[in-house]
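Some notes on the structure that comes next.
Hydrogens, waters and symmetry mates play no part in the numbers below; they use all other heavy atoms, side chains included. Everything numeric in this text was worked out from a predicted model, so none of it was measured. Here, residue 1 is the first one in the sequence, and each next residue gets the next number.
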Amino acid sequence: MNTVMRAQKSGFAHVAWEKVQSKYDVVQAYEALEWIKEMIGEQFDTSGDMDNVYNQLKDGRKLCQLMNSIVPNSIPKINNGENSFKLMENIARFVQAAKIYGLTDAETFQTVDLYEKLNLHQVIVCLFALGRKAQKQGLRGLGPKESDKNERSFSAETLKQGNMVISTQYGYNKGATQSGMNFGNTRHM
């Protein structure tokens, strides 16, 4: 690959990275760190700036403690020390426990998103999703209340009446049609 193509490719990657970083919300990050602080009962800096969030969560320990406060013993072993692989394992264990708790893939994040500071916005999204699930279970939550399923059952009589109604999607609207309608210019030959 020549240097021009390499520069263009890295430029595109940089633009994509900036787009991801622009979604980051300092206030939401602050709220998430405050929630973690309350849930695990540990005092730490809850400033929502990106560097602080990264420094507080990059080793995965607080995330594992948070998950254990929501579901006791959901992560029985939390690694200590400075070994990168052990710390990344903490993050992976948290993500796996969050999925077991009910979060979807879209609500969680990849280990490298946090450990390499690639997408802290998605980490905050995950914490808010976890907070909504916890709130639904009667624990102190984070963010808006998760919606409940609103299933409806109709009687056979009601369904039969609904089938009698002709929707405008079937092409009938009180006699109005699109015949004679012209859109755009006609083709001149």
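Of the charged side-chain nitrogens involved, at least one lies within less than 4.0 Å of a carboxylate oxygen, so that Glu38 and Arg140 count as a salt-bridged pair. Salt-bridge annotation for Glu89 and Lys77: absent, with no side-chain N of the basic residue lying under 4.0 Å from a carboxylate O of the acidic one. Contact check on Lys37 versus Glu34 returns a salt bridge, with a Lys/Arg side-chain nitrogen under 4.0 Å from an Asp/Glu carboxylate oxygen.
Side-chain contact, Asp49 with Ser47: a donor N or O sits under 3.5 Å from an acceptor N or O.
Under the 4.5 Å side-chain criterion, counting only non-hydrogen atoms from C-beta, Leu127 is in contact with Ile36. Within the 4.5 Å cutoff, the side chain of Glu31 has no heavy atoms near those of the Thr46 side chain. In this structure, the side chains of Leu114 and Phe109 come closer than 4.5 Å at one or more pairs of heavy atoms. Residues Arg152 and Asn150 are in side-chain contact: their nearest non-hydrogen atoms beyond the backbone lie under 4.5 Å apart. Residues Leu63 and Ile75 fail the side-chain proximity criterion, which asks for heavy atoms closer than 4.5 Å. The shortest distance between side-chain heavy atoms of Asn68 and Val71 does not fall below 4.5 Å. The shortest side-chain heavy-atom distance between Asn55 and Asp45 does not fall under the 4.5 Å cut-off. Taking 4.5 Å as the limit, every side-chain heavy atom of Asn119 sits out of range of all side-chain heavy atoms of Tyr24.
Using a 4.5 Å cut-off between side-chain heavy atoms of Ile, Leu, Val, Met, Phe, Trp and Tyr, with links allowed through other members, Leu66 and Leu33 fall into the same hydrophobic cluster. One hydrophobic cluster holds both Phe128 and Trp35 under the rule that ILVMFWY side chains link at heavy-atom gaps under 4.5 Å. A single hydrophobic cluster is not seen to contain both Leu57 and Tyr30; linkage of ILVMFWY side chains at heavy-atom distances under 4.5 Å, directly or through other members, places them apart.
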Quiz prompt | Cys126 and Glu107: CA distance, side-chain angles, deciding distance, side-chain contact (heavy atoms from CB on, under 4.5 Å) verdict | solution = CA-CA 5 Å; Cys126 178; Glu107 294 171 321; 5.8 Å; no

Quiz prompt | Intermediate values then yes/no, side chain to side chain donor-acceptor pair (under 3.5 Å), Arg61 and Asn80 | solution = CA-CA 8 Å; Arg61 292 183 194 123; Asn80 292 316; 3.2 Å; yes

Quiz item: Could you walk me through whether Ile91 and Lys58 pass the side-chain contact (heavy atoms from CB on, under 4.5 Å) check?
Solution: CA-CA 8 Å; Ile91 298 168; Lys58 72 178 176 183; 5.7 Å; no

Practice problem: Check the pair Asn79 / Arg93 against side-chain contact (heavy atoms from CB on, under 4.5 Å), numbers first and verdict last. | Solution: CA-CA 10 Å; Asn79 295 317; Arg93 285 179 178 163; 3.8 Å; yes

Practice problem: Output, in order, the C-alpha distance, side-chain angles, deciding distance and verdict of side-chain contact (heavy atoms from CB on, under 4.5 Å) for Tyr115 and Asp59. | Solution: CA-CA 7 Å; Tyr115 195 76; Asp59 61 7; over 6 Å; no

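The local environment of CD in Gln110 is sparse, with at most 12 non-hydrogen atoms from other residues, nucleotides or ligands closer than 6.0 Å. A 6.0 Å sphere centred on CG of Asn83 holds more than 12 heavy atoms belonging to other residues, nucleotides or ligands.
Grouping Ile, Leu, Val, Met, Phe, Trp and Tyr residues whose side-chain heavy atoms lie under 4.5 Å apart, directly or via other members, places Leu159 in a hydrophobic cluster with Phe154.
No donor-acceptor pair under 3.5 Å is formed between the side chain of Gln135 and the backbone N or O of Leu142. A side-chain donor-acceptor contact under 3.5 Å links Gln122 to the backbone of Ala106.
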Please output the side-chain donor-acceptor pairs of residues 94-102 that fall under 3.5 Å, not counting sequence neighbours, one pair per line with the distance.
{"unit_1": "Lys99", "atom_1": "NZ", "unit_2": "Asp105", "atom_2": "OD1", "d": "3.1"}

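Between Leu130 atom CG and Thr108 atom OG1 the span is 11.0 Å, to the nearest 0.5 Å. Note that CD1 of Ile40 is 11.0 Å distant from CD1 of Ile70, once rounded to the nearest 0.5 Å.
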